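Accompanying notes for the structure given below.
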Amino acid sequence: MARRALDAVYEAAVTAGLNGVQLHTHWAGQSTVRWYLACSMWVMSWKHDLGLSRVKYLSRYEVTHSGPGFALAVEDGALVRGSDEWESAPACCDTGQPEGLARKIGVFEGTARADGWLVRTPPLALPADLPTPSWART
């Protein structure tokens with residue numbers, strides 16, 4: 001029922017001429033965040049909480065189980081695109097570039113652990129044998 005309600009709000013926004021919808025949630029509510037991500041929402045900002053958006057102009061993505069962790073495949077890009085982008089990530093670690101989000105995840109996790117939250121997240125290292133996303137399979 002919640003998924004249908006979120007879909008209805010998104011469709012109403014697009015019908016009204018908007019690009020989509022946005023909501024905010026605390027990042028440590030991991031089951032809630034996973035649910036929003038499963039509803040095709042993108043993390044758009046992360047300064048004080050997670051700002052999630054479902055907008056019509058963003059690329060598709062897919063999260064798949066990969067060995068001991070999970071892999072994020074983006075139709076047009078990646079969370080960490082290269083070493084130069086990683087070095088410039090502190091300039092965009094509140095919103096914007098994916099490397100900024102990757103760096104901020106480490107800050108969020110450290111703060112949550114220090115506050116007593118149980119944080120179960122895979123490392124941000126990318127394995128060499130990532131699965132092929134469904135849209136790239138022939």
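Side chains included, hydrogens not; waters and symmetry mates left out as well; all remaining heavy atoms used. Not measured: the values here are computed from a predicted model.
Every residue meeting the side-chain hydrogen bond (donor to acceptor under 3.5 Å, both in side chains) condition with His24, not counting sequence neighbours, appears here in chain and number order: Asp49. Here Arg3 pairs with Asp7 under the side-chain hydrogen bond (donor to acceptor under 3.5 Å, both in side chains) rule; sequence neighbours left out. With sequence neighbours excluded, the residues forming a side-chain hydrogen bond (donor to acceptor under 3.5 Å, both in side chains) with Arg34 are Gln30, listed by chain and number. In this structure, Asn19 has no side-chain hydrogen bond (donor to acceptor under 3.5 Å, both in side chains) partners at least two apart in sequence or on a different chain. Residues that satisfy the side chain to side chain contact (heavy atoms under 4.5 Å, CB included) test with Leu23, not counting sequence neighbours, are Leu6, Tyr36, Met41, Leu52.
In this structure, CZ on Arg54 lies 6.5 Å from CD on Glu11, to the nearest 0.5 angstrom. Phe108 CZ to Trp117 CH2: the interatomic distance, rounded to the nearest 0.5 Å, is 12.5 Å. Between Met44 atom CE and Leu50 atom CG the span is 12.5 Å, to the nearest 0.5 Å.
Each salt bridge (charged side-chain N to carboxylate O under 4.0 Å, His left out) pair with one or both residues in residues 16-26, not counting sequence neighbours, would appear here, but there are none.
Closest non-hydrogen pair, Val21 versus Ala13, comes out as CG1-CB, 3.8 Å.
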